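Working notes for the structure below.
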2 protein chains.
Amino acid sequence: MDSYDPGDFPPFAVTVDVVLLTIRDGRLHVLVIERGAAPYAGKWALPGGFVRDETLDAAALHELAEETGLQPGRGPLARVHLEQLGTFGDPDRDPRMRVVSVAYLALAPDLPDPAPGTDAAAARWSPLPVTGLAFDHDTILAAGLDRARSKLEYTPLATAFVPEEFTISELRAVYAAVWGEDLHAGNFHRKVLSVPGFVEGTGETTRRGGERGGPRAKLYRAGDATLLHPALLRPDREEAVR
Amino acid sequence: MDSYDPGDFPPFAVTVDVVLLTIRDGRLHVLVIERGAAPYAGKWALPGGFVRDETLDAAALHELAEETGLQPGRGPLARVHLEQLGTFGDPDRDPRMRVVSVAYLALAPDLPDPAPGTDAAAARWSPLPVTGLAFDHDTILAAGLDRARSKLEYTPLATAFVPEEFTISELRAVYAAVWGEDLHAGNFHRKVLSVPGFVEGTGETTRRGGERGGPRAKLYRAGDATLLHPALLRPDREEAVR
DNA sequence: TTAATAGTGTCTTTCAGACAATATTAT
DNA sequence: ATAATATTGTCTGAAAGACACTATTAA
């Protein structure tokens, strides 16, 4: 088949769609935009757009910046984690024509409220769960959540959700928000510190204790590990095994 | 951006490329084809082709059948494991035009020698490592190997490399071939049997012992687990952590 | 003073990995 | 008989998770 000229084949449109997750007020949120035009006008969807003369990663970053109204690679977007999630290309996923969408997962610390992009009617952070999105975006979002939940186990990705300097409790709150269950504070604390390269101390502490009392916590920043070993496994997942 | 008509954007060609791995003679092999036409005529490449009016998964399966000369979903191909690996779309990855390739990873038990497809000059099983492939196929292959190595740890995917009924030693040989290091026979044996749902006994044994002696081994088939818990971690991966 | 939180100590159970031992079979 | 292999046993150290405890701070 490779002897055919690619131009002989019916053309596809290629888009990127981004599942951008953040944590606000202790809950996991996803960035969604309200569609301003058909198809699915008035429905909410994941931010996305057509790929131009650029790499797929660049297209995703580009889309992220446009929908958040932030500078790519600078300020709050400088520390965004971005990874390819999967590609969705069922023949009928877009009623207009054959569109293949490369989905990305992005994780960010608490970002400002989004400024709607050029043709979205509105953009906002929506707390999970979220359903009823346009196209196959419910499926894409579910894939993003699965990926994020899973990667918290064996990578230091949780640090992508917190500011550059953070406390162990803040990190624990990330796990609680993403996994949807509280973790034992004492065991979590000891565990995080025991994994080589997960976090490194700054020598500083917070200025104040907690809202309702408690000592001032030590501050940490992300360490140099790319994999957590041993991993931080989710409690009791018997259900998930079969 | 979604208000634009997709047809207004420069068209892409979309292909699937498949990293099909199998184990022959205790070594990991990948299916490669020799390109019969430009670009890269005469070079080896991963099997692949343009996506027609079908889902991406169907296109991959289709391509697999074509390049192996086997019936899709029947016979040896019935038990093939197929999963999406990632999408590669750098603007210059194909000199002819903008081509986005959705890569798939496929794992199969020992298959017959391939029959070259319609326009490949040749097709063969090539023992790893393999380098010098056309396009960005070295990168795609590396991604496939990473994925396979990693998934053997926490999924029962190793069973995709063995016949329907197999011995624990055959399963251990899969791990050895994919990870490139031998595992302790006794510990592996006990470990595999201790993971719920990984394998289930058939009550049968092999007809003969090993080539050079030894008792007849019990036969097993794949169990109903989709995740291994606890996982079978690769020995000593300190290097990989940072 | 009271309550909340950070951080540490201890114990039990599970698991990984090293090593040994026994039984079975091809040659 | 000999060597190879399957399978099981035992031990040690790492790690997970339950629980308790102390110290510090906001209100």
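Naming convention: chains lettered A, B, ... in sequence-line order (proteins, then strands); numbering from 1 in each chain. Computed from a prediction, not measured in an experiment: that's the story for all the values here.
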Evaluate side-chain contact (heavy atoms from CB on, under 4.5 Å) for B:Leu21 paired with B:Leu145, printing each intermediate quantity in order. CA-CA 9 Å; B:Leu21 302 177; B:Leu145 289 172; 4.1 Å; yes

Have a look at B:Gly214 and say if it touches a base, only the backbone sugar-phosphate, or nothing, with a 4.0 Å heavy-atom cut-off.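 Base: the residue B:Gly214, judged by heavy atoms under 4.0 Å, touches a nucleobase.
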
Assign B:Thr167 to base, sugar-phosphate, or nothing according to its heavy-atom contacts below 4.0 angstrom with the strands shown.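 No contact.
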
Under-3.5 Å donor-acceptor pair between A:Arg190 side chain and C:dG9 base: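 Indeed there is one.
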
What's the closest nucleotide to the [X] side chain, out of [options]?
X: B:Arg208; options: C:dT27, C:dT8, D:dA26; result: C:dT27
X: B:Pro215; options: C:dT24, C:dC15, D:dA23; result: C:dT24
X: A:Asn187; options: D:dC19, C:dG17, C:dG7; result: D:dC19
X: B:His184; options: D:dT24, C:dG7, C:dA20; result: C:dA20
X: A:Ile168; options: D:dT5, C:dA6, C:dG7; result: C:dG7

Please give, in whole Å, the distance from [N] [atom2] to [X] [atom1]?
X: A:Asp182; N: D:dC19; atom1: CG; atom2: P; result: 16 Å
X: A:Leu233; N: D:dG17; atom1: CG; atom2: P; result: 7 Å
X: A:Lys218; N: D:dA23; atom1: NZ; atom2: P; result: 15 Å
X: A:Glu181; N: D:dG17; atom1: CD; atom2: C1'; result: 13 Å
X: A:Leu183; N: D:dA18; atom1: CG; atom2: C1'; result: 14 Å
X: A:Tyr220; N: C:dA6; atom1: OH; atom2: P; result: 11 Å
X: B:Arg207; N: C:dA26; atom1: CZ; atom2: C1'; result: 17 Å
X: B:Leu219; N: D:dA6; atom1: CG; atom2: C1'; result: 13 Å

Respond yes when some side-chain nitrogen or oxygen of [X] is under 4.0 Å from OP1 or OP2 of [N], and no when none is.
X: B:Arg234; N: C:dG17; answer: no
X: B:Arg216; N: C:dT24; answer: no
X: B:His189; N: D:dA6; answer: no

Most 5' of A:Ser194 and A:Gly213 on DNA chain D, judged by nearest nucleotide: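 The answer here is A:Ser194.
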
On DNA chain D, compare the nucleotides closest to A:Leu232 and B:Gly210; which residue's is nearer the 5' end?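 Whichever sits nearer the 5' end wins; that is B:Gly210.
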
Only one of A:Arg79, A:Arg24, A:Arg27 forms a salt bridge (charged side-chain N to carboxylate O under 4.0 Å, His left out) with A:Asp110, so which one is it?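 Passing option: A:Arg24.
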
Could you tell me whether A:Glu181 atom CD has more than 12 heavy atoms of other residues or ligands within 6.0 Å of it?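 Result for CD/A:Glu181: enclosed.
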
Does B:Glu200 have more than 12 heavy atoms from other residues, nucleotides or ligands lying within 6.0 Å of its CD?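 Counting neighbours around CD of B:Glu200, more than 12 heavy atoms of other residues, nucleotides or ligands fall under 6.0 Å, so yes.
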
A:Tyr175 vs A:Trp179 aromatic rings, parallel, tilted or perpendicular, using cut-offs 30° and 60°?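 The arrangement is perpendicular - the two ring planes meet at more than 60°.
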
B:Asp17 and B:Ser101: side chain donor to acceptor below 3.5 Å: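 There is such a pair (donor and acceptor under 3.5 Å, judged by atom type) between the side chains of B:Asp17 and B:Ser101.
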
Would you kindly compare A:Gly186 and A:Arg212 by the position of their nearest DNA chain C nucleotide and give the one closer to the 5′ end?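 First, find each residue's nearest nucleotide; the 5'-ward one identifies A:Arg212.
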
